[in-house]
Amino acid sequence: MTPRLDAISIITSDLAASLAFYRRLGLDIPEGAEAAPHVEVTLPGGQRLLWDTEEVIASFDPDWKRPAGGGERVALAFVCDSPAEVDALYAELVGAGYTGHLKPWDAVWGQRYAVVLDPDGCGVSLFASASPAEK
């Protein structure tokens with residue numbers, strides 16, 4: 001089992017403005033997506049680009065604060081084969097000295113989810129479908 005880069009996430013304070021910008025760059029973002037707190041598009045090659053509002057992030061990470069000076073708003077997300085792999089990979093990374101930010105938990109959106117920080121302090125999400133049939 002090898003984790004695979006699956007998604008890049010943008011945390012935005014103005015979803016409509018962010019979507020408009022990326023539409024200008026040629027991304028096929030559905031009309032009306034501005035009304036949702038979370039938006040996903042699949043990029044050529046299969047990776048996904050995700051947008052979440054600051055409010056969505058704060059809803060599951062109460063310690064999250066808006067970065068000063070345009071700091072971290074982009075994060076990487078790696079899909080794992082199972083919830084157990086999320087737990088094991090999180091433990092392996094933290095055991096190797098990396099900082100755990102959010103311990104693995106069963107998220108309300110149907111995934112086992114965790115966040116570790118890379119050496120520069122950027123959040124890296126680890127996730128797997130809570131249902132083994134889905135990926």
Side-chain angles (χ1 to χ4, degrees):
M1 289 187 236
T2 302
R4 300 169 306 282
L5 179 62
D6 179 71
I8 300 166
S9 177
I10 298 172
I11 302 169
T12 181
S13 61
D14 186 339
L15 184 60
S18 186
L19 296 180
F21 174 81
Y22 286 99
R23 281 187 182 114
R24 286 184 163 267
L25 292 174
L27 293 183
D28 184 19
I29 302 167
E31 289 302 320
E34 297 79 5
H38 173 85
V39 177
E40 297 186 15
V41 296
T42 301
L43 303 171
Q47 283 80 28
R48 296 176 300 144
L49 184 56
L50 319 174
W51 289 264
D52 286 296
T53 63
E54 292 176 345
E55 294 79 15
V56 166
I57 300 303
S59 76
F60 66 83
D61 184 355
D63 294 329
W64 186 87
K65 303 268 187 278
R66 176 186 280 183
E72 181 189 348
R73 289 186 175 271
V74 176
L76 300 178
F78 287 81
V79 63
C80 297
D81 288 331
S82 69
E85 187 179 6
V86 171
D87 294 356
L89 185 55
Y90 179 89
E92 176 186 324
L93 292 169
V94 170
Y98 296 101
T99 301
H101 180 69
L102 293 174
K103 292 180 180 178
W105 86 96
D106 294 323
V108 298
W109 53 85
Q111 293 175 331
R112 184 72 173 164
Y113 209 91
V115 179
V116 295
L117 301 180
D118 77 2
D120 293 306
C122 294
V124 177
S125 296
L126 311 172
F127 72 95
S129 174
S131 170
E134 300 175 22
K135 284 193 183 178

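Note that the coordinates shown come from a computational prediction; the quantities given were computed from them, not determined experimentally. One-based numbering along the sequence shown. Any value given below was found using the heavy atoms of this structure, including those in side chains, with hydrogens, waters and symmetry copies removed.
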message: If I take atom CZ from residue F78 and atom CD from residue E85, how far apart are they, to the nearest 0.5 angstrom?
response: 12.0 Å
- prompt: So, S59 side chain and V56 main chain: donor-acceptor pair closer than 3.5 Å or not?
  reply: yes
- line: Between Y90 and H101, the two heavy atoms sitting closest are OH-N, 4.0 Å
query: Out of curiosity, F60 CZ to D52 CG, how far, rounded to the nearest 0.5 Å?
result: 6.5 Å
- prompt: Which atom pair, heavy atoms only, marks the closest approach of A128 to P83?
  reply: CB-N, 3.7 Å
task: Measure from the ring center of F127 to the ring center of W109 and say whether it is less than 6.0 Å.
output: no
- prompt: Taking it one step at a time, do L19 and L27 satisfy side-chain contact (heavy atoms from CB on, under 4.5 Å)?
  reply: CA-CA 9 Å; L19 296 180; L27 293 183; over 6 Å; no
query: For the atom pair OH (Y22) and CD1 (I29), what is the distance rounded to the nearest 0.5 Å?
result: 9.0 Å
Closest approach of T12 to S18 (non-hydrogen atoms, all atoms of both residues): OG1-CB, 3.7 Å
message: Determine whether Q47 and I8 satisfy the following criterion, side-chain contact (heavy atoms from CB on, under 4.5 Å), listing intermediate values before the conclusion.
response: CA-CA 8 Å; Q47 283 80 28; I8 300 166; 5.9 Å; no
message: Which heavy atom of V115 sits nearest to which heavy atom of G123, and what is that distance?
response: CG1-CA, 4.0 Å
query: Is it the case that one hydrophobic cluster holds both I11 and L50, taking links as side-chain heavy atoms less than 4.5 Å apart, direct or via other members?
result: no
field: Nearest non-hydrogen partners of A36 and L15, listed with the distance
entry: O-CD2, 2.8 Å
query: Got a second to check how far L102's CG is from D61's CG, nearest 0.5 Å?
result: 4.5 Å
query: Distance from T53 atom OG1 to I10 atom CD1, nearest 0.5 Å?
result: 13.0 Å
field: Heavy-atom closest contact (P104 atom, D87 atom, distance)
entry: CB-OD1, 3.1 Å
query: In Å and rounded to the nearest 0.5 Å, what is the CG to CZ distance from D6 to R48?
result: 4.0 Å
query: Do L5 and M1 share a hydrophobic cluster, counting only Ile, Leu, Val, Met, Phe, Trp and Tyr and linking them when any side-chain heavy atoms are less than 4.5 Å apart?
result: no
Derivation of the salt bridge (Lys or Arg N to Asp or Glu O under 4.0 Å) call for E34 and R23: CA-CA 12 Å; E34 297 79 5; R23 281 187 182 114; 2.4 Å; yes
- prompt: Do the non-hydrogen side-chain atoms of R4 and D81 ever get within less than 4.5 Å of each other?
  reply: yes
message: Show, in sequence, the C-alpha distance, side-chain angles and deciding distance for Y113 and V86, and conclude whether the side-chain contact (heavy atoms from CB on, under 4.5 Å) test is met.
response: CA-CA 7 Å; Y113 209 91; V86 171; over 6 Å; no
